[in-house]
Structures are given as C-alpha cells and as structure tokens.
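Just so it is clear, the structure is predicted and the values come from calculations on it, not from any experiment.
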Amino acid sequence: MAIGLAAMAGAAFAQGDVIAERRAGLKRMGGHMEAMKPVADSRGDPKPLEARIDDMIAFYRTLPARFPAGSGTGDTKALPAIWQDFPRFEQANTALLGQLATLKTAAASGNAAGFAEAYAQTGPQFCGGCHRPFRAR
C-alpha cells in the first residue's frame, strides 16, 4: 500500500510539474507576442525579433507533449477538449507553427510590412484558434 501511495504522489507531483512548465512556457510565449506588437505597429525593423520567434517555434514543437493524459486537473486552464479531440489540438498547433515560420521569414528578411501583416494574423487567427476551443477563460 505504501508503494501505491508513493506512486500516486509521484504522479501528482509530475503532473504539477508539467502543468507548471507549460504555464511558464505559454506565459513566455505571450511575452514574445507582446514584445513584437510595438515593432509590428510601428513598422519597425523586425530582424531583432528572430530569436524570440525561434524560441516560439522550439516551444510549440513540444507543445502537444506538454499535455499528457491526466494533466487536465490542477492549476491549469486547459479544457477537457484537448484530450477529447487531441488530433484537432495537434492540428491547431501545426497551423501555429506554419504561421510562426511565415513570421520568421518576414522578420529575417527585414520586411516590416510583411511582418506586421503576419503578426496581425498570428494572435487572433492562430493563437486564438487554440485558445477558443481549448483554454478556459
């Protein structure tokens, strides 16, 4: 019985870790989006933002794995829909990765207008495409 309790405690601790890690990562992603807004709004030089976009791409490549079964309870805003329709969740993430590639191309080329246009689509269309069905407010 003690072994069973220890295993359950370990699983709960691991679940808390994955939730805390994904929350911290998603908060960092929001910070990247906030840092890009003034550049997009002013049509400034987007090249310095490449590292932020690279970090976003690296994070979102790992996002589905950050939602293992059983990690939908606790300090999380994740909705059950993630696990009920995981392929749709993965599709939303893949679409975001494609958009981030577009954003990176515009930033790397220094195309301020293209960057601003891609940025304007990223939040409502791609971030929102995941937030609306999969995140509680």
Side-chain angles (χ1 to χ4, degrees):
M1 177 144 161
I3 293 172
L5 290 175
M8 287 188 337
F13 180 72
Q15 177 178 321
D17 286 350
V18 75
I19 292 170
E21 288 173 12
R22 74 180 180 225
R23 284 179 59 107
L26 289 164
K27 185 174 180 130
R28 190 174 77 245
M29 298 305 105
H32 289 329
M33 289 296 290
E34 289 174 16
M36 290 182 217
K37 185 176 181 357
V39 176
D41 288 350
S42 70
R43 302 293 198 267
D45 181 9
K47 284 184 181 184
L49 298 172
E50 279 186 87
R52 288 181 179 275
I53 300 166
D54 286 340
D55 184 46
M56 292 179 80
I57 291 169
F59 178 79
Y60 284 108
R61 282 184 180 148
T62 68
L63 188 66
R66 294 174 186 275
F67 287 87
S71 68
T73 59
D75 189 18
T76 181
K77 292 183 180 179
L79 292 173
I82 291 173
W83 296 276
Q84 292 165 354
D85 194 355
F86 204 75
R88 184 171 166 225
F89 176 69
E90 290 176 308
Q91 288 173 338
N93 188 66
T94 299
L96 175 59
L97 283 166
Q99 181 64 13
L100 290 172
T102 299
L103 200 62
K104 179 173 169 79
T105 297
S109 70
N111 180 348
F115 179 82
E117 182 179 324
Y119 177 83
Q121 295 171 358
T122 302
Q125 189 173 342
F126 295 92
C127 297
C130 196
H131 283 196
R132 285 185 297 276
F134 300 116
R135 179 178 184 246
R137 288 284 152 176

Would you mind reporting whether [Y] and [X] have side-chain heavy atoms less than 4.5 Å apart?
X: Leu63; Y: Leu26; result: yes
X: Ser71; Y: Trp83; result: yes
X: Phe89; Y: Asp85; result: no

Roughly how far apart are [X] [atom1] and [Y] [atom2], rounded to 0.5 Å?
X: Glu50; Y: Phe115; atom1: CD; atom2: CZ; result: 10.0 Å
X: Met36; Y: Glu34; atom1: CE; atom2: CD; result: 11.0 Å
X: Glu117; Y: Gln121; atom1: CD; atom2: CD; result: 5.5 Å
X: Asn111; Y: Thr105; atom1: CG; atom2: OG1; result: 10.0 Å
X: Met56; Y: Leu49; atom1: CE; atom2: CG; result: 10.5 Å
X: Arg28; Y: Met33; atom1: CZ; atom2: CE; result: 14.5 Å

(request) Just do the side-chain contact (heavy atoms from CB on, under 4.5 Å) check on Asp54 and Lys104 with the steps written out, would you? (result) CA-CA 8 Å; Asp54 286 340; Lys104 179 173 169 79; 2.7 Å; yes
Give me the atom names and distance for the closest heavy-atom approach of [X] to [Y].
X: Ala108; Y: Lys47; result: O-CE, 3.5 Å
X: Pro46; Y: Ala106; result: CG-O, 4.0 Å
X: Arg88; Y: Pro133; result: NH2-CB, 3.5 Å

(message) Donor-acceptor check, side chain of Arg66 to backbone of Gly25, threshold 3.5 angstrom: yes or no?
(response)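 Looks like no, no N/O pair under 3.5 Å.
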(message) Taking Arg132's backbone N and O only, do any of them form a donor-acceptor pair with Arg135's side chain (distance below 3.5 Å, no angle check)?
(response)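 No: the side chain of Arg135 does not pair with the backbone of Arg132.
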Per-pair distances, 0.1 Å, donor-acceptor, side chain in residues 92-103, under 3.5 Å, sequence neighbours excluded:
| from | atom 1 | to | atom 2 | distance (Å) |
| --- | --- | --- | --- | --- |
| Asn93 | ND2 | Tyr60 | O | 2.8 |
| Thr94 | OG1 | Glu90 | O | 3.0 |
| Gln99 | NE2 | Ala118 | O | 2.9 |
| Gln99 | NE2 | Thr122 | OG1 | 3.3 |
| Thr102 | OG1 | Gly98 | O | 3.3 |

(request) Say whether Phe134 and Phe59 are linked into one hydrophobic cluster, either directly or through other cluster members, by side-chain heavy-atom distances under 4.5 angstrom. (result)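 The answer is yes; both residues are in one hydrophobic cluster.
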(message) Test of understanding: clusters of I, L, V, M, F, W, Y form through side-chain heavy atoms closer than 4.5 Å, transitively. Do Val39 and Ile53 belong to the same one?
(response)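 Yes, Val39 and Ile53 fall within the same hydrophobic cluster.
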(message) With side-chain hydrogen bond (donor to acceptor under 3.5 Å, both in side chains) as the test, pick out the partner of Arg22 among Thr76, Thr62, Asp17.
(response)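 That would be Thr76; it is the only one of Thr76, Thr62, Asp17 passing the side-chain hydrogen bond (donor to acceptor under 3.5 Å, both in side chains) with Arg22.
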